*Asks:* 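Here it is: the structure, laid out below.
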Protein chains: 2
Amino acid sequence: MSLPHAILTALLERPSSGLELTRRFDKSIGYFWSASHQQIYRELGRLEAAGLIRALPSERPARGQRKQYEVLPAGREELTGWVATGEDPRPLREALFLRLRAAGVVGTAGLGEELRRHLALHERQLAEYNAIEARDFPADDAADTPDRLRHLVLRAGIGLESFWIYWLHEALTTLREPAPPGARPPGPGDGAGPGDGAGPE
Amino acid sequence: MSLPHAILTALLERPSSGLELTRRFDKSIGYFWSASHQQIYRELGRLEAAGLIRALPSERPARGQRKQYEVLPAGREELTGWVATGEDPRPLREALFLRLRAAGVVGTAGLGEELRRHLALHERQLAEYNAIEARDFPADDAADTPDRLRHLVLRAGIGLESFWIYWLHEALTTLREPAPPGARPPGPGDGAGPGDGAGPE
DNA sequence: ACGAACATGTAAGCAGTTACATGATTGT
DNA sequence: ACAATCATGTAACTGCTTACATGTTCGT
């Protein structure tokens, strides 16, 4: 249940219309909590019904008309409480890892291409993060608390992308290396291998 | 749509009943693609209906009776094709990053505790991965291809947990440091700050 | 007047979670 | 006999995705 809080945060940083929020979720906040415009409009409706935000009454509310939203005191309180809330990290669900594991059983055909494609994606994302850091946080730690927290999150993004790039290089190297002599290659007709069974990993 | 392929992989590594699969998804494969027993039973039914797996006819199929499943040739082909399939990484959705960002606007009360809690969780997970590596992959790279791929995935888990631990230490340090003189602290009554607005990050 | 882009929605469907139901086996 | 546990499911709900619908503004 984090989307409403993502929207509250975005609206506190700056009151916006649905479309403006959608655009901001394509950059900024969306880098670590993405949302489509359908999600955003629906959630804006819920938040307004719950009395946490309101539409600025300046413009007539009609379909196709811009509606500007701002956070009400109740919304700020809700967000303040949520920040202190405990929530376990979501279980990892990473299809690429699954593909590697499957490739161990049915063969690695086509895997290298996919790894290289992911590598390019992560390199592009890292470059984007680095550009943002150079532009928005040039002086190290001479900023106020909100900026330092934003920088911290940005560094998390940089760290994650760096990890992926490092690991994908390692994966490509492993994939290229021939198996040592005597080792069985994977492929059709292959059953369970030793090290499996009771061996969880 | 990765769950069926996770199950096919697990069943190829070793034919299992629904409950055995559930147990294996609590370790092993479940570390990077978790699934509950309800998901698994439903998906086993679909895979059987699609002709990709079959229940071994040895035991009578009744409620409360163990059913053992094995992968049919069509299932192996399906998995082989899927390994070569391209799929973009899922957009990141990390509530902890959201909390930091929200804390920049409404204050950091209660955040430190949550960060320390996550740190402990990731340290425990890393220890578990390290134990598995020491037990299952003692000799570096003298293994066959399936084992090397499994080791690769395990190292990804180790790398990710190591990243989290590093970053959480950094976050806790940042949180403890007082803001430099002249910087505005976050809190109620605070609106948009400089660096926001057109500044995406 | 008309098309393109802007802006706000609705509807259907799917994956995953939570809560509950039911039969079989084992221990006492 | 009874409870606890094993084993397999069903049902309802939530969040997210995909596809579609509708009205408005602006340029030509």
Side-chain angles (χ1 to χ4, degrees), chain A residues 1-8 11 15-26 29-30 32-50 53-69 82 87-95 98, chain B residues 1-8 11 15-26 29-30 32-50 53-69 82 87-95 98:
Chain A
M1 271 254 309
S2 297
L3 178 59
H5 304 99
I7 291 180
L8 285 175
L11 285 182
S16 303
S17 68
L19 190 67
E20 282 168 350
L21 276 179
T22 301
R23 303 244 184 280
R24 292 172 64 194
F25 269 77
D26 284 338
I29 279 194
F32 46 91
W33 200 278
S34 68
S36 64
H37 80 273
Q38 293 92 335
Q39 278 181 281
I40 288 171
Y41 283 120
R42 180 152 35 101
E43 202 59 47
L44 282 172
R46 287 178 190 162
L47 287 169
E48 189 177 19
I53 64 174
R54 64 161 185 174
L56 293 184
S58 56
E59 320 204 9
R60 68 232 140 134
R63 202 182 182 104
Q65 293 286 353
R66 266 178 114 82
K67 250 194 284 186
Q68 202 82 2
Y69 288 96
W82 181 78
E87 188 180 355
D88 282 355
R90 309 202 159 185
L92 186 57
R93 282 214 176 92
E94 182 52 59
L98 217 49
Chain B
M1 271 253 309
S2 297
L3 178 59
H5 303 99
I7 291 179
L8 285 174
L11 285 181
S16 302
S17 67
L19 190 66
E20 283 168 350
L21 276 179
T22 301
R23 303 245 184 278
R24 293 172 64 194
F25 269 78
D26 284 338
I29 278 195
F32 47 91
W33 199 278
S34 67
S36 63
H37 81 272
Q38 293 92 336
Q39 278 181 279
I40 288 171
Y41 283 119
R42 180 152 34 104
E43 202 59 46
L44 283 173
R46 288 178 189 163
L47 287 169
E48 189 176 21
I53 65 175
R54 66 161 184 172
L56 293 184
S58 57
E59 320 204 11
R60 69 232 139 133
R63 203 183 182 104
Q65 293 286 353
R66 267 178 113 81
K67 251 192 285 187
Q68 203 82 2
Y69 288 97
W82 180 78
E87 187 179 355
D88 282 355
R90 309 203 159 184
L92 184 59
R93 282 214 176 93
E94 181 53 57
L98 217 50

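What you see is a predicted model; the values in this text were computed from it and never measured. Lettering of chains follows the sequences in order, A, B, ..., and the numbering in each one begins at 1. No hydrogens, no waters, no symmetry mates; every other heavy atom, side chains included, goes into these values.
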*Asks:* I need the CD-C1' distance between A:Glu43 and D:dC16, as an integer number of Å.
*Replies:* 12 Å
*Asks:* Check the distance between C:dT17's C1' and B:Phe25's CZ and give it to me in whole angstrom.
*Replies:*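 Going from CZ in B:Phe25 over to C1' in C:dT17 covers 16 Å.
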*Asks:* A:Lys67 NZ to D:dT24 P: how many Å, rounded?
*Replies:* 13 Å
*Asks:* Nearest to the side chain of A:His37 - C:dG9, C:dT17, D:dC16?
*Replies:*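 Shortest atom-to-atom distance from the side chain points to C:dG9.
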*Asks:* Quick one: ring-ring contact (aromatic ring centres under 6.0 Å, His included) partners of B:Trp82, sequence neighbours excluded?
*Replies:* B:His5
*Asks:* Between P on C:dA11 and CZ on A:Arg42, what's the gap in Å once rounded to a whole number?
*Replies:* 12 Å
*Asks:* Is A:Arg66 close enough to D:dG23 that one of its side-chain N or O atoms is under 4.0 Å from OP1 or OP2 there?
*Replies:* no
*Asks:* Yes or no on side-chain contact (heavy atoms from CB on, under 4.5 Å) for A:Gln68 and A:Glu20, after CA distance, side-chain angles and deciding distance?
*Replies:* CA-CA 9 Å; A:Gln68 202 82 2; A:Glu20 282 168 350; 3.6 Å; yes
*Asks:* For a quick check of understanding: with a heavy-atom distance under 4.0 Å over all strands, which category does B:Thr22 fall into, base, sugar-phosphate or nothing?
*Replies:*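 Nothing: the residue B:Thr22, judged by heavy atoms under 4.0 Å, touches no strand.
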*Asks:* Looking only at the side chain of A:Gln39 (C-beta and beyond, no hydrogens), which of the listed nucleotides D:dG15, D:dG9, D:dT17 gets closest?
*Replies:*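 Minimum distance to the A:Gln39 side chain belongs to D:dT17.
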*Asks:* Examine C:dT17: is either OP1 or OP2 under 4.0 Å from a nitrogen or oxygen in the side chain of A:Arg93? Give yes or no.
*Replies:* yes
*Asks:* D:dT8, OP1 or OP2 - any side-chain N/O from B:Tyr41 closer than 4.0 Å?
*Replies:* yes
*Asks:* Report yes if some heavy atom in the side chain of B:Arg46 is under 4.5 Å from a heavy atom in the side chain of B:Pro4; otherwise report no.
*Replies:*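 Side chain of B:Arg46 against side chain of B:Pro4, heavy atoms only: no contact under 4.5 Å found.
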*Asks:* Would you find a donor on one side and an acceptor on the other, under 3.5 Å apart, between the side chain of B:Arg93 and the backbone of A:Ser34?
*Replies:*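 Flag set: sc B:Arg93 to bb A:Ser34 pair under 3.5 Å.
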*Asks:* Output the rounded distance in Å from CD (B:Gln68) to C1' (D:dC6).
*Replies:* 15 Å
*Asks:* Do any side-chain nitrogens or oxygens of A:Gln38 fall under 4.0 Å of OP1 or OP2 in C:dT10?
*Replies:* no
*Asks:* Got a sec, which residues hit side-chain contact (heavy atoms from CB on, under 4.5 Å) with B:Glu48, two or more places apart in sequence or on another chain?
*Replies:*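 Checked B:Glu48 against side-chain contact (heavy atoms from CB on, under 4.5 Å); matches are B:Ile53, B:Ala55, B:Tyr69.
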*Asks:* Would you indicate which nucleotide in C:dA15, D:dA7, D:dT18 comes nearest to any side-chain atom of B:Met1?
*Replies:*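 For B:Met1, the side-chain atoms sit closest to C:dA15.
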*Asks:* Taking the side chain of A:Leu19 as its heavy atoms from C-beta onward, which of D:dT17, C:dC6, D:dG15 lies nearest to it?
*Replies:* C:dC6
*Asks:* Should A:Arg90 be listed as having a side-chain N or O under 4.0 Å from OP1 or OP2 of C:dT17?
*Replies:* no
